[in-house]
Amino acid sequence: MEDNARLMLTSGHHTTPKWDEEKKKDYAVQYLTYNTRETWMSIKEYKGEFTSTATCDELEPAACTYTYKEWKAEIFKLYPGSESKNRYTRNDLEKLIADFLSKGTPLQASFSQYHREFQKIVKWLADNGKMERSSEKEKFQCGIPSMLWVRIAWCLEILYPLHHPDDLYEVEDMFNAGDWYLKGNTTAMASVPPTGCQGGILPALLPQSATAPASAKTIDTSGSNSG
């Protein structure tokens with residue numbers, strides 16, 4: 001069965017087909033809806049100064065002078081904000097944090113969505129030099145409502161007893177602790193008002209002598225969770 005399987009060829013492989021600029025355009029429009037296809041094909045850079053559904057081989061050479069890259073650039077102009085250099089801004093990150101915080105203590109699904117959106121925006125901002133990755137821990141924690149953060153902090157203090165109180169936890173550690181807690185607490189904190197990071201101050205961790213929240217579950221630090 002494996003012998004008959006078709007494998008996706010990687011870029012640069014010696015058997016990978018090589019298409020010219022116009023073939024790229026022709027293949028690109030094959031996977032669009034009718035209306036979108038008509039729109040993209042009406043762009044001058046698709047086949048030249050006129051609209052045509054003919055392939056490049058059927059046209060005069062002068063009609064095929066625009067490159068695939070030039071055509072692609074014109075397509076992006078049809079969709080404001082789609083250019084990679086303007087995909088996200090720091091305001092998008094602040095809005096995500098504020099919106100999530102305003103909803104109060106989340107359910108597991110919404111907390112997971114917040115984590116996914118946060119990681120997506122932060123990665124793009126960092127990769128494009130618009131944000132330092134060192135600040136992502138503080139930003140992520142700022143979006144966590146205070147009553148949920150108390151539970152997360154309690155979990156993390158048990159899992160990482162030697163963690164210095166002046167150091168922020170990793171984003172993934174904060175998410176995993178919150179996700180674990182919310183699995184068994186779907187409605188208990190739904191009406192608790194949010195607090196978050198006001199004035200740039202993070203919600204304080206529980207002191208080392210603090211007792212576990214009454215609604216918190218027992219944590220098995222050996223690697224298996226007990227429900």
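By convention here, the first residue in the shown sequence is residue 1.
Closest approach of Tyr68 to Ala28, counting heavy atoms only: CE1-CB, 4.5 Å. The nearest pair of heavy atoms linking Asp26 to Val29 is O-CG2, 3.3 Å. Nearest heavy-atom pair, Leu101 versus Cys142, reported as atom, atom and distance to 0.1 Å: CD2-O, 3.9 Å. Of all the heavy atoms in Glu74 and Ile43, the pair that sits closest is CB-CG2, 3.7 Å. Pairing each heavy atom of Phe100 with each of Pro145, the nearest pair is CE2-CD, 4.2 Å.
Contact annotation: the side chain of Trp40 approaches that of Thr36 to within less than 4.5 Å [non-hydrogen atoms, C-beta and beyond]. The shortest distance between side-chain heavy atoms of Leu93 and Tyr88 does not fall below 4.5 Å. Taking 4.5 Å as the limit, some side-chain heavy atom of Asp179 sits within range of a side-chain heavy atom of Lys183. The side-chain heavy atoms of Trp149 and Met174, taken from C-beta on, include a pair separated by under 4.5 Å.
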Decide side-chain contact (heavy atoms from CB on, under 4.5 Å) for Val171 and Gln141; before the verdict, give the C-alpha distance in whole Å, the side-chain angles of both, and the deciding distance to 0.1 Å.
CA-CA 8 Å; Val171 170; Gln141 184 176 339; over 6 Å; no
Check the pair Leu148 / Leu182 against side-chain contact (heavy atoms from CB on, under 4.5 Å), numbers first and verdict last.
CA-CA 9 Å; Leu148 175 59; Leu182 291 170; 4.1 Å; yes
side-chain contact (heavy atoms from CB on, under 4.5 Å) assessment of Leu96 paired with Tyr114
CA-CA 8 Å; Leu96 173 68; Tyr114 167 65; 4.0 Å; yes
Let me see the working for Tyr181 and Ile152 under side-chain contact (heavy atoms from CB on, under 4.5 Å), right down to the final yes or no.
CA-CA 8 Å; Tyr181 180 81; Ile152 291 176; 5.9 Å; no
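Here the side chain of Ser112 pairs a donor or acceptor atom with the backbone of Gln108 at under 3.5 angstrom. Put simply, the side chain of His115 never gets that close to the backbone of Gln119: no donor and acceptor are under 3.5 Å apart. Between the side chain of Asn128 and the main chain of Trp124, a donor-acceptor pair closer than 3.5 Å is present. For Asn176 (side chain) and Glu172 (main-chain N/O), a donor-acceptor pair under 3.5 Å exists by modelled atom type. Side-chain N or O atoms of Thr39 include one that pairs as donor or acceptor with a backbone N or O of Asn35 at under 3.5 Å. A donor-acceptor pair under 3.5 Å is absent between the side-chain atoms of Arg133 and the main chain of Ala126, judged by distance alone. Ser102 places a side-chain N or O within donor-acceptor distance of the main-chain N or O of Asp99, the cut-off being under 3.5 Å.
Distance check: Met131 CE to Arg90 CZ gives 6.0 Å after rounding to the nearest 0.5 Å. In this structure, CZ in Arg116 is found 12.5 Å from CD1 in Ile121, a value given to the nearest 0.5 Å. In this structure, Glu94 CD and Asn91 CG are separated by 7.5 Å, a value rounded to the nearest 0.5 Å. We find the CZ-CG distance between Arg151 and Leu156 to be 14.0 Å, quoted to the nearest 0.5 Å. One distance of note links OH of Tyr169 with SG of Cys155; it measures 10.5 Å at 0.5 Å rounding. Atom CD1 of Ile158 and atom NE2 of His163 lie 14.5 Å apart (nearest 0.5 Å).
Other residues, nucleotides and ligands contribute only 12 or fewer heavy atoms inside 6.0 Å of the CD atom of Glu132.
Applying the salt bridge (charged side-chain N to carboxylate O under 4.0 Å, His left out) test to residues at least two apart or on different chains, none of the pairs has a partner in residues 141-150.
Note: Tyr46 and Trp71 have tilted aromatic rings, judged against thresholds of 30 and 60 degrees for the angle between ring planes. Between Phe140 and Phe118, the two ring planes are perpendicular [angle over 60°; tilted spans 30° to 60°].
A salt bridge is absent between Glu136 and Lys139; no separation between the charged side-chain nitrogens and carboxylate oxygens falls under 4.0 Å. Note on Lys123 versus Asp127: salt bridge recorded, some NZ/NE/NH1/NH2 to OD/OE distance being below 4.0 Å. With respect to the salt-bridge test (charged N to carboxylate O, under 4.0 angstrom), the residues Lys72 and Glu45 do not qualify.
Every residue two or more places apart in sequence or in another chain that forms a side-chain hydrogen bond (donor to acceptor under 3.5 Å, both in side chains) with Glu170 is listed here: Lys137.
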